[in-house]
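Notes follow the structure.
Values below: every heavy atom of this structure, side chains too, minus hydrogens, waters and symmetry copies.
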Amino acid sequence: MRLRRSRFIRGMFSLAALASIPALVACSAPAMIASGGATAGVAMAEERGPQGAIDDNAIAGAINQRWLNYDWHIFRDVSTSVSEGRVMLTGKVEKPEDQLAAVRLTWTVKDVREVFDDIKVTGQGDVMDYARDSWISAQLRTNMTFDDKIRAINYNIVTVDGIVHLLGIAQDQDEIERITEYARNVRYVRGVVSHVLLKDDPRRHAEAQKP
């Protein structure tokens with residue numbers, strides 16, 4: 001019963017978010033124009049640059065659209081994070097077929113260069129799990145942001161069942177180690193999975209290896 005209730009709540013949140021997109025775009029247009037300089041500044045600060053951020057957002061949008069067209073449950077249960085065409089998939093699905101479909105559809109999107117399948121096949125989970133995972137990610141993000149030796153803007157953080165998943169670009173090995181140490185010391189964290197590359201790693205510019 002608890003699982004069914006949590007899925008219902010997540011589904012309602014997702015439906016509400018989809019329904020509100022047109023209104024949010026219309027209402028926020030002036031604010032978006034006003035904050036354009038700040039947004040551009042943030043994009044410039046990222047290692048991937050403003051065009052890289054735009055391209056990654058387009059990839060994420062295309063992936064989510066494919067999932068939504070294929071199966072609402074995959075769209076609801078799986079999250080995507082993108083860094084320079086490198087896609088990290090996280091979340092929990094009920095069936096192995098859903099996991100395979102999510103990965104397969106991701107590879108069909110143009111400019112996807114690499115896919116990290118961190119999806120768990122399990123029917124377990126409740127609202128408390130999601131709240132705790134969100135709290136873990138927020139705590140880690142805060143610790144990273146207030147450390148002047150870490151460029152937190154370059155990282156995506158997703159936590160599933162206490163496992164922290166990291167995707168991004170590090171300035172050096174010391175930065176990776178600092179982030180990993182922060183993650184391990186956040187309460188309730190059970191493990192860390194890192195897909196972080198150093199900024200001078202040749203894989204950042206390697207050709208895509210499609211399956």
Side-chain angles (χ1 to χ4, degrees), residues 17 24 28 30-61 63-64 78-91 111-120 128-206:
L24 286 173
S28 63
M32 290 173 64
I33 294 172
S35 64
T39 302
V42 170
M44 288 295 291
E46 293 187 55
E47 196 66 44
R48 61 184 174 177
Q51 187 58 51
I54 292 172
D55 292 343
D56 286 342
N57 285 335
I59 290 171
I63 292 170
N64 279 287
V78 181
S79 298
T80 177
S81 304
V82 187
S83 176
E84 297 186 323
R86 302 166 68 239
V87 183
M88 180 174 71
L89 305 180
T90 54
D111 296 326
V112 168
R113 300 172 52 243
E114 194 170 7
V115 177
F116 303 109
D117 176 14
D118 292 344
I119 302 170
K120 294 183 63 176
M128 183 61 70
D129 294 332
Y130 305 130
R132 180 174 292 175
D133 287 341
S134 297
W135 181 86
I136 289 172
S137 295
Q139 290 297 306
L140 177 55
R141 175 67 68 182
T142 299
N143 291 338
M144 291 167 57
T145 299
F146 284 97
D147 188 329
D148 59 8
K149 294 183 179 180
I150 295 176
R151 295 183 66 178
I153 195 173
N154 286 327
Y155 296 90
N156 292 286
I157 305 168
V158 181
T159 306
V160 180
D161 283 348
I163 305 297
V164 176
H165 301 262
L166 301 169
L167 176 69
I169 304 166
Q171 299 301 298
D172 50 40
Q173 187 61 37
D174 179 66
E175 187 177 75
I176 294 177
E177 292 173 0
R178 294 178 73 85
I179 293 169
T180 303
E181 188 65 18
Y182 276 130
R184 288 173 176 164
N185 283 286
V186 174
R187 190 178 182 187
Y188 305 121
V189 168
R190 300 171 48 238
V192 179
V193 177
S194 176
H195 302 298
V196 176
L197 291 181
L198 295 173
K199 68 176 183 180
D200 57 357
D201 192 310
R203 287 177 293 176
R204 289 184 61 198
H205 309 290

Among residues at least two apart in sequence or on other chains, which ones pass salt bridge (charged side-chain N to carboxylate O under 4.0 Å, His left out) with Arg190?
none
Results of side-chain contact (heavy atoms from CB on, under 4.5 Å) for Gln171 - residues two or more places apart only:
Glu47, Arg151, Asn154, Glu175, Lys199
Between Asn143 and Asn185, is a side chain to side chain contact (heavy atoms under 4.5 Å, CB included) present by the stated rule, with each step listed?
CA-CA 11 Å; Asn143 291 338; Asn185 283 286; over 6 Å; no
Are Leu166 and Ile179 side-chain neighbours, meaning at least one heavy-atom pair lies under 4.5 Å?
yes
So which pairs with a foot in residues 139-148 pass salt bridge (charged side-chain N to carboxylate O under 4.0 Å, His left out), sequence neighbours left out?
Asp147-Arg178
Go through the structure and list residues passing side-chain hydrogen bond (donor to acceptor under 3.5 Å, both in side chains) with Ser137, not counting sequence neighbours.
Thr159
Partner set under salt bridge (charged side-chain N to carboxylate O under 4.0 Å, His left out) for Asp201, not counting sequence neighbours:
Arg203
Closest contact, heavy atoms only, Val82 versus Ala60
CG2-CB, 3.9 Å
Check side-chain contact (heavy atoms from CB on, under 4.5 Å) between Thr142 and all other residues, then give those that pass, not counting sequence neighbours.
Phe146
Which pairs pass salt bridge (charged side-chain N to carboxylate O under 4.0 Å, His left out) with one or both residues in residues 78-91, sequence neighbours excluded?
Glu84-Arg204, Arg86-Glu114
Minimal heavy-atom distance between Val192 and Ala183, with the atoms involved, is CG2-CB, 3.7 Å
Distance-minimising heavy-atom pair for Ile63 and Val112:
CD1-CG2, 4.5 Å
Testing the basics here: between Ser83 and Arg48, what is the closest heavy-atom pair and its distance to 0.1 Å?
CA-NH1, 4.3 Å
Interatomic distance, Ile119 atom CD1 to Ser79 atom OG [nearest 0.5 angstrom]
9.5 Å
Of all the heavy-atom pairs spanning Ile150 and Tyr182, show the shortest one and how long it is.
CD1-CE1, 3.7 Å
Partners meeting side-chain hydrogen bond (donor to acceptor under 3.5 Å, both in side chains) with Asp174 (sequence neighbours left out):
none
Would you please name every residue forming a side-chain contact (heavy atoms from CB on, under 4.5 Å) with Asp118, sequence neighbours left out?
Met88, Thr90, His165, Val193, His195
Side-chain contact test, heavy atoms from C-beta onward, threshold under 4.5 Å: evaluate it for Asn156 versus Val158 and give yes or no.
no
Rounded distance (nearest 0.5 Å) linking atom OG of Ser81 with atom CD1 of Ile59
12.5 Å
Can you sort out the partners of Lys120 under salt bridge (charged side-chain N to carboxylate O under 4.0 Å, His left out), two or more places apart, ordered by chain and number?
Asp161
Considering all heavy atoms, the nearest Val87-Thr80 contact:
CG1-OG1, 3.4 Å
Under the side-chain hydrogen bond (donor to acceptor under 3.5 Å, both in side chains) rule, collect the residues that match up with Asp172, sequence neighbours excluded.
none
Verify side chain to side chain contact (heavy atoms under 4.5 Å, CB included) between Asp55 and Asp111, making sure each step is shown before the conclusion.
CA-CA 8 Å; Asp55 292 343; Asp111 296 326; 6.0 Å; no
Once side-chain hydrogen bond (donor to acceptor under 3.5 Å, both in side chains) is applied, do any residues pair with Glu177, and if so which ones, sequence neighbours excluded?
none
